[in-house]
Protein chains: 2
Amino acid sequence: MSQNGKLATDLVQKLERDIVTGVLKPGDKLDERSLSERFGVSRTPVREALQTLAGSGLVATMPRRGTIVASITVAELIEMFEVMAELEAMCARLAARRMPRVDIENLIALSEECNGLKDHADADAYYEANVRFHEAIYAGCRNSFLERQTKNVRNRLAPYRRLQLHRPGRVKKSNNEHADILSAISNGEAETAGKLMQQHVAVQGESLNDLLAIVPRGYLEPLAS
Amino acid sequence: MSQNGKLATDLVQKLERDIVTGVLKPGDKLDERSLSERFGVSRTPVREALQTLAGSGLVATMPRRGTIVASITVAELIEMFEVMAELEAMCARLAARRMPRVDIENLIALSEECNGLKDHADADAYYEANVRFHEAIYAGCRNSFLERQTKNVRNRLAPYRRLQLHRPGRVKKSNNEHADILSAISNGEAETAGKLMQQHVAVQGESLNDLLAIVPRGYLEPLAS
DNA sequence: CCACGCAATTTTGTATACCAGAACGTCATT
DNA sequence: AATGACGTTCTGGTATACAAAATTGCGTGG
């Protein structure tokens with residue numbers, strides 16, 4: 001029917017995108033048959049794709065119970081943010097030491113792009129620019145393994161991180177923090193850049209309560225996992 | 001034929017163990033048919049297991065070219081050690097802040113176990129005790145996500161880390177560093193514990209050259225990936 | 001009217017059969 | 001003799017068919 005090789009890989013990417021961008025939400029059921037019909041392939045590549053996604057943690061599959069978009073417990077959410085903050089801090093520290101001037105110029109441009117969108121009505125536009133800013137710093141660490149690892153955790157947190165920016169005032173605050181991080185990186189102040197990034201990403205104190213308050217039903221598992 | 005459920009999961013664990021413990025070495029070919037015959041199952045669960053392992057990075061599968069135990073480039077090796085050092089440092093920092101007294105007692109016992117084996121003839125015995133010591137610290141960070149993430153990277157580096165201890169004098173030096181890390185954790189000195197752990201794990205300067213010198217052929221890919 | 005149990009349906013897990021692409025070897029040509 | 005093209009064979013990718021388990025709905029009994 002289709003003249004390709006490696007259908008499963010395509011499916012992985014498509015499903016990944018749908019999960020990260022929020023089309024598929026935590027807790028959504030991923031039925032093998034529906035997916036195979038939707039994509040016009042048999043169940044085999046669908047299953048392989050789901051296996052792969054389960055490996056990266058984006059979906060959870062329970063034996064004989066099917067596969068769902070991974071939803072996590074509150075405890076895991078806190079844990080993952082704690083790790084995320086540290087990974088991004090490491091990226092920032094290394095970027096401050098290693099990022100070439102030309103890439104810093106690009107980072108400045110991305111920062112200004114964020115700045116231009118900070119008063120924009122919908123938070124999603126800022127979110128996209130924000131992602132590009134952060135990814136530029138990942139790339140700046142010049143450690144592609146760290147970059148992949150960081151993106152992986154970021155993807156798994158994406159559904160929840162997206163919510164953060166919908167909180168009033170968060171966009172402006174985030175934007176100010178970007179400026180400080182940028183200048184630290186630009187000046188080669190590794191420790192400062194790392195510390196600022198850590199605080200920028202971490203969800204601590206009241207922020208945690210605020211975040212939990214706007215997480216929709218179904219995004220988090222009940223305590224009895 | 002077999003009366004079980006979820007054959008693939010079993011295969012994942014078996015293969016994982018073989019890779020981590022060095023029975024299967026980087027570059028070894030994982031033929032689907034041989035594996036299916038060896039384990040008495042069909043190719044389907046074998047393929048699913050390989051998919052999962054590919055997701056966690058332990059094996060690499062090239063379309064139409066088969067799958068092999070992941071072998072990495074020198075650049076990746078350096079990158080992974082850089083990340084590993086930081087992850088373990090984070091574990092140590094958090095452990096210094098959060099590890100309950102009773103678990104610290106256990107950590108002391110594990111440290112003494114290492115100490116008892118430091119002059120032992122074969123480095124593998126020390127290696128196993130060393131693993132237990134480090135894993136106790138992972139657990140001490142009280143962040144199960146970080147623990148999983150750290151173990152995952154550790155597993156991927158296992159074939160190379162194992163080699164390190166075969167270098168003359170490395171065992172004794174490692175053991176001394178353990179003592180310092182232990183005392184920092186025990187005293188709740190988070191930053192010190194993290195810094196010491198970072199240096200303990202990192203492969204820097206001459207150590208890198210020494211490590212590369214004893215990596216067997218086939219463990220590392222040629223530059224043209 | 002509610003609860004428990006059985007059966008039917010749905011859905012996952014496994015096996016097998018089929019197809020396509022890549023590696024290797026052979027033969028012919030220069 | 002060397003090199004390139006063609007074909008065979010082996011291996012991986014996909015589809016389909018079959019088996020087992022879980023959920024759900026219905027019926028019966030209390």
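Numbers restart at 1 for each chain; the letters A, B, ... are given by sequence-line order, proteins then strands. Predicted model only: the values in this text are computed from it and were never measured.
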Rounded off to whole Å, could you give me the CD-to-C1' distance for the A/E37 and D/dA15 pair?
14 Å
Measuring from the side chain of A/T44 (C-beta onward, heavy atoms only), which nucleotide among D/dT16, C/dT14, D/dG12 has the closest atom?
D/dT16
Output the single nucleotide from C/dA22, D/dA15, D/dT14 whose closest atom is nearest the side chain of A/A8.
D/dT14
Euclidean distance, atom CG of residue B/D31 to atom C1' of C/dA23 [Å, nearest integer]
14 Å
Compare every heavy atom of B/S174 with every heavy atom of B/N130, then report the nearest pair and how far apart it is.
OD1-OG, 4.3 Å
If you assign each of B/M62 and A/R65 to its closest nucleotide in DNA chain D, which residue comes earlier from the 5' end?
B/M62
Could you grab the distance from atom OH of A/Y160 to atom CD1 of A/I214, nearest 0.5 Å is fine?
13.0 Å
Quick one: on DNA chain C, does B/E48 or B/R43 contact a more 5' nucleotide (nearest heavy atom)?
B/E48
Can you tell which of D/dA21, D/dT14, C/dT16 lies closest to the side chain of B/S42?
C/dT16
Ignoring the backbone of A/P63, work out which of D/dG12, D/dA15, C/dG13 is nearest its side chain.
C/dG13
Expressed as a whole number of angstroms, how long is the span from B/Q51:CD to C/dG13:C1'?
16 Å
Do B/E79 and A/S144 have a side chain donor and acceptor closer than 3.5 Å?
yes
What's the CG-P distance between A/L7 and C/dA20, to the nearest Å?
13 Å
Using whole Å, report how far CD1 of A/I68 lies from P of D/dT23.
13 Å
Would you indicate whether the side-chain heavy atoms of A/I19 and A/D28 approach each other to under 4.5 Å?
no
If you compare every side-chain N and O of B/R47 against the phosphate oxygens of D/dG13 (OP1, OP2), does one of them come in below 4.0 Å?
yes
Please state how far atom CZ in B/F39 lies from atom P in C/dG13, giving the value in whole angstrom units.
20 Å
Would you mind reading off the distance between A/R33 atom CZ and D/dA15 atom P, rounded to a whole angstrom?
14 Å
Nearest heavy-atom contact between B/R132 and B/L110 is O-CD1, 3.6 Å
Let me know the distance between CG of B/L35 and P of C/dA15, rounded to the nearest Å.
14 Å
